[in-house]
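First comes the structure, then the notes that go with it.
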Amino acid sequence: MPTLTLNKKVLEKLMGKKLPLDQLKDRISMLGTDLDKIEGDEIIVEVFPNRPDMLSEQGFARALSSFIGVKTGLRQFKVHKVEKNYKVVVDKSVKKIRPYTSCAIVKNIHFTDEKIREVVQIQEKLHVSLGRNREKLAIGIYPMEDIKLPIRYLAKKPSEIKFQPLESNKEMTGLQILSQHPTGRDYAHLLEGKALFPIFIDANNEILSMPPIINSEKTGKVTERTKEVFIESSGFDLKAVNQCLNIIVTSLIEMGGEAYQMEVQYEKKQLTPDLKPEEWDLDINYVNKMLGMNLSKKEIKSLLEKMGYGYEKDKVLVPAYRTDILHQIDLAEDIAIAYGYDKFIPEIPNVSTIGEEDGLEIFKRRVANVLVGLGLVETLSYHLLNKEIHNNKMNLKAKVVELENASSKEHDILRSWITPSLMQVLSNNTNREYPQGIFEIGNTFKANTAKETKVEENWRVGVALAGPNIGFTKIKQVFDSLMNALDVNFESKEAKHDSFILGRVARISVNKKNVAYIGEIHPQVITNFGVEMPIATFELNLSDLYTEVKK
Amino acid sequence: MDDNNLIKKLHLFERKTLPNITDNITISKLAEKASLKEIEATRAIQWLSNKNLVNIAEEIKDIITLDENGLKYVKDGLPERRFLKAINGKTKVSELKNKGKLEDDEINICIGSLKKKAAINIDKDKEIIISLTDHGKKLMKKEFLEETFLKKDFPLELKYLSPEEKFSFDNLIKRKRILKKETKKIKKITLTAEGKKLSKKVDSKANYAERLTPGMLKDGSWKKKTFREYDVNINVPKINRGKRHFVSQAIEYAKDIWLELGFKEMTGPMLQTSFWNFDALFTAQDHPVRDMQDTYFAKNPGTGKLPNKELVSRVKKTHEDGWTTNSKGWKYDWKEEDAKKNVLRTHTTVLSAQTLAKLTKEGIPAKFFSVGKCFRNETIDWSHLFEFNQTDGIVVDENANFRHLLGYLKAFFKKMGYEKARFRPAYFPYTEFSVEIDVLHPVHNEWFELGGAGIFRPEVVKPLLGIDIPVLAWGPGFDRIILEFFKINDIRDLYKNDLKQLREIKDWMR
């Protein structure tokens with residue numbers, strides 16, 4: 001989640017009110033942002049991904065001042081009409097490369113060092129959140145004194161693109177930027193392999209930028225001389241591109257800027273930004289039903305206003321910077337937040353339903369209880385293991401389900417049986433008192449194309465005994481007790497299994513279905529795990545056994 | 001306890017040893033005098049010491065014994081003596097070796113030590129030639145200090161050696177396997193004042209019965225016996241009992257709460273298609289949670305199958321433009337390939353989605369719960385694990401509302417031992433309202449975060465269930481509660497499976 005660092009004094013000034021510290025903390029949390037910490041004048045908050053409009057000091061203060069009742073209701077943002085050459089022509093060449101852009105001009109901003117830093121911060125936060133690390137969209141800001149309108153947005157071969165990127169002292173081609181410029185390298189994956197790269201170019205034929213990578217040093221660098229800026233947001237999703245522009249333009253207006261529309265010319269022309277609020281219908285009964293409340297229209301109006309909405313003629317006016325309203329339930333939630341989650345009275349409804357535990361779960365617990373009664377200790381291991389333990393040390397070559405992207409090589413497969421986990425436990429406990437008797441009930445995984453994921457999952461129980469006098473008889477006694485408790489008849493046959501001593505391992509079946517192996521672990525396997533005690537184990541497929549028992 | 005009472009409780013071994021204790025007696029001597037095995041005397045002394053009847057002083061002794069070569073040299077003589085004896089005028093080393101029956105390393109030692117004593121001359125002529133000095137001739141007639149030392153009656157105690165003996169010891173201990181030095185702790189027993197008093201009264205021959213035997217019961221001889229009284233306040237050795245893992249105990253407890261509240265259990269696979277884990281829960285395909293770094297994807301088989309076409313098409317349309325849910329949708333092209341990718345479930349909420357898809361109108365109202373393992377692609381450290389437990393619940397009811405959600409959560413956490421719960425606004429792609437649950441730590445009096453809850457979005461419910469009715473849903477994590485109850489600070493300790501920890505840890509009792 002993106003975090004935002006705020007200065008308490010600036011926030012108070014923007015909000016128009018000072019709050020005692022504990023109230024400030026409480027209000028920030030109850031507005032729906034995760035307060036990380038307040039230290040001195042520094043406030044660090046995590047803004048939920050549905051509210052990119054709160055990722056600037058202006059946006060955050062705007063929401064909070066409404067919420068605490070200082071400045072409620074819909075804010076008006078004036079956008080001046082298009083002037084003479086305020087125009088961006090979108091060439092067809094971008095259609096398959098990066099189809100959309102929305103643009104604006106903002107005048108009358110006094111850029112100080114501090115303000116430039118602030119704007120860059122907003123831009124970066126939006127790149128990460130709404131822009132999905134520039135994959136979905138990116139924003140560029142350019143000083144009007146260095147560029148000449150109108151602008152063209154087009155795509156060219158990377159070798160034909162040549163300009164001096166920011167933080168560089170020489171001209172580079174599109175490909176050189178991707179391989180040599182630090183920012184270019186960071187985002188190279190977003191353009192690599194494309195035949196054409198998108199660029200913004202001005203009336204002097206100067207390249208302004210190569211989105212979503214970098215601006216030009218000559219025409220794309222805002223300084224303290226700058227009073228007017230050209231802003232573009234470009235990407236693959238027109239709605240998101242528009243919303244992103246709206247968020248940054250409204251923040252700049254709140255810094256004192258004056259916004260001007262631009263004409264973005266595709267086949268048809270479009271005027272951006274459009275800061276008119278969107279009108280939404282709201283069903284008051286629906287809201288009250290979902291909340292379990294009985295709020296009047298008047299109350300709902302005032303609650304909506306605390307969240308920065310307008311409410312006129314039964315319509316909710318949603319500000320242009322809100323990107324998260326998909327359904328009227330989103331408005332209902334904001335009404336609940338404005339009312340205060342802490343003020344709702346919890347209630348348990350009088351609805352009769354009958355509780356029911358899953359059958360296999362009950363069966364698993366019965367098995368556990370029998371084994372506990374036999375003095376065994378339950379262990380719990382990870383479902384993720386590695387091939388070394390699962391196969392090599394067990395003297396096996398079993399097929400396993402592998403993970404694509406495990407962050408640790410220790411845990412990069414899904415186990416197909418429990419015994420390796422038990423062996424690992426015994427291996428970690430050689431300094432503990434013997435005899436040791438342990439069991440584990442856990443999930444296991446193996447390929448089966450008939451299943452939805454092409455993987456079959458089985459719950460199995462594994463039991464391991466270790467100690468000087470442990471052998472086949474001891475483990476068979478445990479197995480017999482368990483089967484007796486579960487009232488299951490089984491057949492036992494000689495078997496071959498490379499993890500066990502030859503001639504000391506049996507295959508167990510119930511109704512002709514193989515369900516278990518039981519035997520003495522091979523001394524080589526015991527040695528592989530660094531244990532110096534005889535070990536005997538059984539492993540029983542509980543999912544299969546349960547199916548047989550239920551028949 | 002008065003003396004007589006104490007005497008009655010003395011074990012046979014104690015009664016046998018007590019009168020035989022003289023000041024600073026060793027256990028082996030005592031065992032001999034009392035006609036007990038050494039192990040029996042040792043145990044008796046330990047018990048007597050617990051009763052403050054004896055003092056045990058521990059003395060550390062360095063004991064010297066002859067080692068393998070030492071024993072040999074006592075018989076055959078020291079190598080340097082054999083070396084000297086073999087010298088006849090100017091003698092070649094090879095000759096000395098044969099005559100003196102000496103090993104190569106012994107030869108080297110002999111030359112070194114005799115040269116040091118100025119007993120021999122060494123000349124070189126193709127081979128080393130040895131001859132005796134005048135001093136050497138004198139030495140021939142005298143016994144070396146080391147020889148005198150080896151003749152002594154071993155074992156010897158280091159601290160009682162005379163200066164000459166110490167000198168010999170220092171020389172010999174450096175050489176190969178002549179002497180052995182062992183440090184031994186020797187216990188010396190002395191009666192306390194109380195012990196002295198008691199030892200006079202103890203009748204070592206008194207015949208108290210120790211155990212009640214089947215034989216005594218059979219023949220009735222128990223009637224004539226007096227049973228030794230036991231110290232019933234004694235600490236006895238621990239025994240290991242069978243038990244469930246403490247995490248299982250906590251999970252069973254939580255399950256019982258949901259069952260009491262009338263919920264039905266949901267279970268299902270841990271490996272799921274992205275369709276169920278994400279798409280059915282209205283999580284856009286470009287949502288960061290679907291990134292590689294957060295979620296485990298399977299390699300083989302990397303993809304699974306999608307459910308019935310009707311359901312897939314509803315979900316697709318809902319993502320793209322809201323379908324008939326009155327939502328605007330996420331506005332992008334939904335891809336089947338992304339939905340087919342197999343992932344280890346990132347939340348048990350996937351089971352809630354599958355349950356909704358199976359539920360029929362006749363089954364409503366309904367309440368379901370699950371408790372299960374979920375996975376997060378993370379490197380392990382003290383506060384992070386890649387497997388974690390979550391408890392999910394859904395309430396499917398035409399009349400359910402936000403206050404009911406808070407009501408169920410509050411009831412659950414109260415039964416889990418948290419009297420106070422608070423709810424904060426939160427964000428999840430599949431719920432609206434979204435709630436973050438905090439509970440008040442019963443001891444530290446601080447709020448701690450347990451996870452999320454909410455009401456499923458219409459974009460989740462309608463495609464799965466076919467109708468749009470409120471579905472309350474929650475999926476708080478469970479591990480922090482377990483850590484808090486068992487006072488575990490390092491999350492790795494949940495599954496380290498240390499038998500000592502498992503055998504000794506308390507049971508879940510809330």
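All of these numbers come straight from a predicted model, not from anything done at the bench.
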Is it the backbone or the side chain of A:Thr453 that comes under 4.5 Å from a heavy atom of chain B, or both, or neither? both

Please identify which of these residues, B:Val461, B:Val460, B:Ile455, meets the side-chain contact (heavy atoms from CB on, under 4.5 Å) condition with B:Tyr430. B:Val460

Do the side-chain N and O atoms of A:Glu440 and A:Ser381 include a donor-acceptor pair separated by under 3.5 angstrom? yes

Output yes when B:Lys415 and B:Glu260 qualify as a salt bridge under the 4.0 Å nitrogen-oxygen rule, no when they do not. yes

Does a donor on one side chain sit under 3.5 Å from an acceptor on the other, for B:Asn377 and B:Asp294? no

Should the pair B:Phe433 and B:Phe402 be assigned to parallel (<30°), tilted (30 to 60°) or perpendicular (>60°) ring geometry? tilted

Checking heavy atoms, do the side chain of A:Thr449, its backbone, both or neither come under 4.5 Å from chain B? backbone

Under 4.0 Å between a side-chain nitrogen and a carboxylate oxygen: does that hold for B:Lys264 and A:Asp358? no

Who among A:His383, A:Met30, A:Arg365, A:His411 has the most heavy-atom pairs with chain B under 4.5 Å? A:His383

For chain B, find which of A:Leu380, A:Ile438, A:Val372 contributes the most heavy-atom pairs closer than 4.5 angstrom. A:Leu380

Is a side-chain donor-acceptor pair under 3.5 Å present for B:Glu459 with B:Thr325? no

I need the residue from B:Tyr332, B:Phe369, B:Trp330 with the largest number of non-hydrogen atom pairs under 4.5 Å to chain A. B:Trp330

From the list B:Ser248, B:Pro365, B:Ala411, the residue making the most non-hydrogen contacts under 4.5 Å with chain A is B:Ser248

Heavy-atom pair count under 4.5 Å with chain A, highest-scoring of B:Thr303, B:Val247, B:Asp397: B:Thr303

Given a strict heavy-atom distance threshold of 4.5 Å, which part of B:Asp286 is in contact with chain A: side chain, backbone, both, or neither? both

Return the option, out of A:Val377, A:Asn50, A:Val425, with the maximum number of heavy-atom pairs under 4.5 Å with chain B. A:Asn50

B:Glu432/B:Arg457 salt bridge by N-O under 4.0 Å criterion: yes

Measuring from atom CD1 of B:Ile469 to atom CD of B:Glu398, what distance do you get when rounded to the nearest 0.5 angstrom? 5.5 Å

Between B:Lys373 and B:Tyr495, is NZ or CZ placed under 6.0 angstrom from the six-membered ring centre and within 45° of the ring axis? yes

A:Asp330 portion near chain B, given a 4.5 angstrom heavy-atom threshold: both

Between B:Phe246 and chain A, which part of the residue has a heavy atom less than 4.5 Å away: side chain, backbone, both or neither? neither

Portion of A:Leu376 that has a non-hydrogen atom of chain B nearer than 4.5 angstrom: backbone

Check whether A:Asn405 gets within reach of chain B through its side chain, its backbone, both or neither, counting any heavy atom under 4.5 Å. both

When A:Phe445, A:Phe439, A:Tyr382, A:Phe48 are compared by non-hydrogen pairs under 4.5 Å with chain B, the top option: A:Tyr382

When the 4.5 angstrom heavy-atom criterion is applied to B:Val435 and chain A, the contacting part is both

Which bit of A:Asn429 comes within less than 4.5 Å of chain B, counting heavy atoms only: side chain, backbone, both or neither? side chain

Any side-chain donor paired with an acceptor under 3.5 Å for B:Arg290 and B:Thr283? no

Which portion of A:Glu457 sits near chain B, non-hydrogen atoms under 4.5 angstrom: side chain

Please classify the contact of A:Ala406 with chain B as side chain, backbone, both or neither, using a heavy-atom distance under 4.5 Å. both

Of the backbone (N, CA, C, O) and the side chain (C-beta and beyond), which part of B:Pro307 lies under 4.5 Å from a heavy atom of chain A, both, or neither? both

Are A:Lys451 and A:Glu456 close enough for a salt bridge, meaning some N to O gap below 4.0 Å? no

Do you know which of A:Gln328, A:Gln436, A:Glu361, A:Lys239 has the most heavy-atom pairs under 4.5 Å to chain B? A:Glu361

Under 4.5 Å from any heavy atom of chain B, what part of A:Ala332 do you find: side chain, backbone, both or neither? both

Between B:Lys255 and B:Glu265, is there a salt bridge with N-O shorter than 4.0 Å? yes

Turns out that what part of B:Arg241 lies under 4.5 Å from chain A's heavy atoms comes down to backbone

For the interface with chain B, which of A:Ile325, A:Asp412, A:Ile345 has the highest count of heavy-atom pairs at distances below 4.5 Å? A:Ile345

Okay, B:Glu449 and chain A: the region with an atom under 4.5 Å from a heavy atom over there is side chain

Would you mind checking which part of B:Trp258 comes under 4.5 Å of any heavy atom in chain A, side chain (CB onward), backbone (N, CA, C, O), both or neither? neither

Look at B:Glu387, B:Met266, B:Arg503 and state which one has the largest set of heavy-atom pairs under 4.5 Å with chain A. B:Glu387

Sort A:Leu238 into side chain, backbone, both or neither according to what part of it lies under 4.5 angstrom from a heavy atom of chain B. neither

